[in-house]
Amino acid sequence: MISISHLRKTYGDTVAVDDVSLEVAEGEVLGVLGPNGAGKTTTVECLAGLRVPDSGTVRVGGLDPLTDRDELTRLLGVQLQDCRLQPKITVDEALRLWSALYDDPLPWRDLIGRLGLEEQLRTRFRDLSGGQQQRLSIALALVGRPRVVILDELSTGLDPRARRDVWQIVRDLRADGVTILLVTHSMEEAQQLCDRIAIIDGGRIRALDTPDALIAGATAATVTSFTTDEPVDLESLRDLTSVSAVRAESDRIVVEGRDGAALEVLERLGRQQVTPHGLRVVDGTLDTAYLQLTDTREETPA
């Protein structure tokens with residue numbers, strides 16, 4: 001449903017997007033992660049036809065966002081990071097206006113019920129809180145029954161309950177076969193909702209895989225911790241091929257490593273005749289994988 005090939009976009013001497021290519025299948029939720037200024041928003045704005053690429057091709061459901069705009073507006077829903085409407089327009093007026101643009105809009109009263117905006121129907125946009133403006137933006141993106149949705153910083157400004165409600169809407173959309181491009185800084189959101197994640201840094205895709213595969217590929221795919229009554233040779237643990245880091249935290253020894261590191265650590269402790277107590281082995285996190293990938297930056301030729 002989404003196809004981007006060798007996309008490039010510059011602003012003067014600044015390269016915002018540099019040779020980005022990716023495909024998103026129908027009904028897939030693709031997360032886009034990356035630091036501020038990495039090129040995420042420029043990429044989705046090119047996808048939505050809001051920016052003109054310098055080179056490369058972009059297609060949404062086979063449509064060119066620049067030359068097939070009428071058809072694209074019936075297919076694509078967009079919730080941008082910064083939503084701005086006329087200050088005096090009310091929630092009710094905005095939803096009626098957006099609904100009038102589509103042949104078969106969603107029953108928007110049901111939609112605002114799920115988004116918790118029932119009490120704000122007569123409230124002007126300028127008087128809404130940041131979280132309420134965000135929820136209205138999501139409603140406007142979905143009211144036209146889009147088959148492809150771009151959600152840029154979906155949960156910004158939302159309280160925990162509203163965030164969970166919005167996450168459920170995303171899951172329901174995916175169950176209905178809607179394709180979603182989710183731009184986010186929230187590792188929890190990406191891990192909970194996304195089938196695959198693209199990590200963009202410096203305008204390029206640094207990794208593209210499932211959340212589990214990204215975590216498994218990190219140097220801290222597992223974290224093993226324990227206490228012990230005997231002294232431990234930490235250097236001998238650091239020498240293990242599967243171990244990436246060893247540290248003492250209060251009374252616990254913490255060992256980060258790839259899959260299988262825990263077994264190697266236990267074997268090494270056995271050789272030292274050390275008995276671990278309170279042993280815990282947990283999976284690494286998406287945060288760790290993200291930091292590792294975005295800290296590894298390619299050198300740019302002068």
Side-chain angles (χ1 to χ4, degrees), residues 1-4 7 9 11 16-17 20 22 24 28-53 58-61 65-66 69 72-73 75-85 94 98 111 115 125 128-144 146-159 162-171 173-174 178-206 208 211 286 290 294:
M1 286 296 285
I2 295 174
S3 177
I4 300 175
L7 180 66
K9 177 65 179 177
Y11 302 102
V17 180
V20 165
L22 58 84
V24 187
E28 181 179 14
V29 179
L30 179 74
V32 181
L33 303 180
N36 291 330
K40 308 183 301 298
T41 296
T42 296
T43 299
V44 299
E45 286 178 347
C46 289
L47 191 66
L50 301 175
R51 300 280 182 186
V52 180
V58 177
R59 296 292 184 270
V60 181
L66 297 178
R69 286 202 59 79
L72 185 68
T73 56
L75 180 72
L76 179 66
V78 182
Q79 172 257 315
L80 294 176
Q81 184 174 352
D82 188 18
C83 171
R84 287 291 178 267
L85 299 179
W98 257 251
L111 188 58
L115 289 167
F125 181 80
L128 296 173
S129 69
Q132 290 166 348
Q133 290 181 357
Q134 183 78 341
R135 282 178 273 166
L136 176 58
S137 178
I138 295 166
L140 297 178
L142 301 180
V143 74
R147 301 310 302 164
V148 180
V149 179
I150 296 173
L151 301 171
D152 194 350
E153 298 300 340
L154 171 70
S155 57
T156 297
L158 300 184
D159 62 62
R163 181 168 64 246
R164 296 290 175 175
D165 291 342
V166 168
W167 285 4
Q168 188 56 51
I169 290 175
V170 172
R171 293 187 182 100
L173 289 170
R174 177 174 56 186
V178 177
T179 304
I180 300 171
L181 197 67
L182 177 64
V183 182
T184 182
H185 279 107
S186 169
M187 299 298 142
E188 182 188 9
E189 184 168 272
Q191 194 163 353
Q192 288 282 334
L193 299 180
C194 298
D195 300 300
R196 291 187 301 151
I197 293 172
I199 296 180
I200 297 182
D201 192 16
R204 296 185 178 184
I205 294 180
R206 304 295 175 175
L208 177 60
L286 190 58
Y290 169 83
T294 54

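This is a predicted model, so every value here is computed, not measured. Each residue takes its place number in the sequence, starting with 1.
Shown here for L47 and L72, the closest heavy-atom pair between the two residues is O-CD2, 4.3 Å. What you find for L75 and M1 is that their closest heavy atoms are CD1-CE, 4.1 Å. Residues D201 and A38 share a closest heavy-atom pair of CA-CB, 3.9 Å. The minimum heavy-atom distance between K9 and P53, with the atom names listed, is CD-CA, 4.3 Å. Counting all heavy atoms, side chain and backbone alike, P35 lies closest to Y290 at N-OH, 3.0 Å. Closest approach of A190 to I197, counting heavy atoms only: CB-CD1, 3.8 Å.
Between C46 and V17, the closest side-chain pair of non-hydrogen atoms is not below 4.5 Å. Inter-residue side-chain proximity for L142 and L111 is flagged as met; some heavy-atom pair is nearer than 4.5 Å. Side-chain contact between L85 and L136: present, with at least one pair of heavy atoms (C-beta onward) separated by less than 4.5 Å. The closest side-chain heavy-atom distance from L115 to D165 is not below 4.5 Å. At a threshold of 4.5 Å between non-hydrogen side-chain atoms, the residues R147 and T179 do not count as touching.
Here R174 pairs with D195 under the salt bridge (Lys or Arg N to Asp or Glu O under 4.0 Å) rule; sequence neighbours left out. Taking the salt bridge (Lys or Arg N to Asp or Glu O under 4.0 Å) definition, one finds that E45 meets it with R51, sequence neighbours left out. Residues satisfying the side chain to side chain contact (heavy atoms under 4.5 Å, CB included) criterion with T73, sequence neighbours excluded, are absent altogether.
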Start with the C-alpha gap between R171 and V29, add the side-chain angles, then the distance that decides, and say whether side chain to side chain contact (heavy atoms under 4.5 Å, CB included) holds.
CA-CA 9 Å; R171 293 187 182 100; V29 179; over 6 Å; no
Residues T184, L193; criterion side chain to side chain contact (heavy atoms under 4.5 Å, CB included); working and verdict:
CA-CA 11 Å; T184 182; L193 299 180; over 6 Å; no
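Atoms CD and CD, on Q192 and E188 in that order, are 5.5 Å from each other to the nearest 0.5 Å. Interatomic distance, L181 CG to E28 CD, rounded to the nearest 0.5 Å: 9.5 Å. With rounding to the nearest 0.5 Å, the separation of CD1 in I200 from CG in L208 is 9.5 Å. Atom CG of L173 and atom CD of Q168 lie 10.0 Å apart (nearest 0.5 Å). For the atom pair CG of L76 and CD1 of I150, the computed distance is 5.0 Å after rounding to the nearest 0.5 Å. To the nearest 0.5 angstrom, L286 atom CG is 11.5 Å from E189 atom CD.
At distances below 3.5 Å, at least one donor-acceptor pair connects side-chain atoms of Q134 with backbone N or O atoms of E153. K40 places no side-chain N or O within donor-acceptor distance of the main-chain N or O of I199, the cut-off being under 3.5 Å. Of the possible polar contacts, none joining the S155 side chain to the L158 backbone as a donor-acceptor pair under 3.5 Å is found.
For the pairing with V170, the side-chain contact (heavy atoms from CB on, under 4.5 Å) check across L151, V178, L182 returns one residue only, L151. Partner L154 forms a side-chain contact (heavy atoms from CB on, under 4.5 Å) with one of I180, V149, V166 and no other, that one being V166.
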